[in-house]
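Every chain is numbered from 1 and lettered A, B, ... according to where its sequence line falls, protein lines coming before strand lines.
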Protein chains: 2
Amino acid sequence: MNIGDVATRTGLPPKTIRYYEDIGLVVPGRSDNGYRQFREQDLHKLTFLGRARTLGFTIEDCRTLLALYEDETRASSDVKRVAKSHLAKIEAKITDLQAMRDTLTHLVDCCAGDDRPDCPILRDLGSSS
Amino acid sequence: MNIGDVATRTGLPPKTIRYYEDIGLVVPGRSDNGYRQFREQDLHKLTFLGRARTLGFTIEDCRTLLALYEDETRASSDVKRVAKSHLAKIEAKITDLQAMRDTLTHLVDCCAGDDRPDCPILRDLGSSS
DNA sequence: ATAAAGGTTCCAGTTAGGGGAAGGTCAAGT
DNA sequence: ACTTGACCTTCCCCTAACTGGAACCTTTAT
């Protein structure tokens, strides 16, 4: 299977697939003409990667998860640890963003948004707090 | 005032302050020895930048906001527009992260996390859905 | 005199790819 | 047989917003 077909079937852009080969996440074979040749196994791995990335795992997380995925003797606790650590980061980010949102919402609500120059948003940004 | 003092008073690292000069957000003077000399006005601008960045505005947003801040004749609606656009992006990100969190939470809850290899997390990642 | 603490510039690296150039290959149509 | 267009290849530069480090200079304290 050529890279275009893999791209279609996994939903990943060809560029991304080549990148994943570059950093050693997949190792497709090569045809005589130099084209990459993907097997079902590669496709499966790439699908795995796409799904993990959708869930916000970093590439390094993906590398770890992929190794666990391929290790038939792994302990599920190892996987759970990675997932929980990632989950904690996501929750921290959500908390951060919510704080930003709350502050900004308040400021936006306070701003008249008309032709006059007076603006509570700028007033807040200009204060040291 | 030297960069170190400015760093202390604004909470921004010296590296960041130099970077902001590089990209033209502040233009401190120079002493005979080549050291940057910051005035109160620069300090004020940097504080503004620090606060705006804390609220997640991009550097380009900051550039816009700073220009509005310095323009005594701006319309508050211009500021409000930038803020609302940023707010929308923040809310989109929160929604994204919440979806990730919900999926991951579910998966983590389903995983025994023991010595056995069976793991719903990997099972999910491996499936095309 | 010397050493520590501060300042300077410049270069490289970070994430996870995206854009685009220059060129080789393959299948179809004329 | 030739050409066209779609596909593939490698290569290099670009992104955001800094951070780290090297090599070097200046000021301050001992």
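Taking 4.0 angstrom as the limit, A/R18 places a side-chain polar atom (N or O) nearer than this to OP1 or OP2 of D/dT9. An OP1 or OP2 oxygen of C/dG17 is reached within less than 4.0 angstrom by a side-chain nitrogen or oxygen of A/R53. OP1 or OP2 of C/dG17 lies within a sub-4.0 Å distance of a side-chain N or O belonging to A/Y20. The shortest distance between the side-chain N/O atoms of B/R30 and the OP1/OP2 oxygens of C/dT9 is below 4.0 Å.
Contact annotation: side chain of A/Y35 to base of C/dG24, donor-acceptor pair present below 3.5 Å.
Among the atoms of the strands shown, only primed sugar atoms or phosphate atoms (P, OP1, OP2) are found under 4.0 Å from some heavy atom of B/P13. Residue-level contact check: A/F57 touches neither bases nor backbone, having no heavy atom under 4.0 Å from any strand. If you check every strand for non-hydrogen atoms under 4.0 Å, B/I23 touches nothing. Across all strands shown, A/R36 has heavy atoms under 4.0 Å from sugar-phosphate atoms exclusively, and none from any base.
Proximity note for A/Y19 (side chain, C-beta onward) versus C/dA16, D/dC8, D/dC11: the nearest is C/dA16. Proximity note for B/T16 (side chain, C-beta onward) versus D/dT19, C/dG17, D/dT9: the nearest is D/dT19. Candidate nucleotides C/dT25, C/dG7, D/dT26 were compared by shortest atom distance to the side chain of B/N33, and D/dT26 ranks first. Residue A/K15 has its side chain nearest to C/dG20 when only C/dT8, C/dG20, D/dC8 are considered.
Of the possible polar contacts, none joining the B/R36 side chain to the B/I3 backbone as a donor-acceptor pair under 3.5 Å is found. A donor-acceptor pair under 3.5 Å is absent between the side-chain atoms of B/N2 and the main chain of B/G4, judged by distance alone.
Atom CD in A/E21 sits about 14 Å away from atom P in D/dC8, given to the nearest Å. Going from atom CG of A/L25 over to atom P of C/dA16 covers 10 Å, rounded to whole Å. Between B/D22 atom CG and C/dT8 atom P the separation is 11 Å, expressed in whole Å. Atom pair A/I3:CD1 and D/dT10:C1' shows a separation of 12 Å (rounding to whole Å applied). To the nearest angstrom, P of D/dC7 lies 16 Å from CZ of A/F38. If you measure from atom CD of A/E60 to atom P of C/dG13, you get 17 Å, rounded to the nearest angstrom. The distance between atom CG of A/D5 and atom P of C/dC26, rounded to the nearest whole Å, is 15 Å. Rounded to an integer number of Å, the gap from CD1 of B/I59 to P of D/dT19 is 11 Å.
Ionic pairing of B/R63 and B/E60 is present here: one or more N-O contacts between side-chain nitrogen and carboxylate oxygen are shorter than 4.0 angstrom. Ion pair A/R9/A/E40 flagged as a salt bridge, since at least one NZ, NE, NH1 or NH2 atom sits closer than 4.0 Å to an Asp/Glu carboxylate oxygen. The pair B/K80-A/D114 fails the salt-bridge criterion, with no side-chain N (NZ, NE, NH1 or NH2) lying under 4.0 Å from an Asp/Glu carboxylate O. Using a 4.0 Å cut-off between charged nitrogen and carboxylate oxygen, A/R39 and A/D42 count as a salt-bridge pair.
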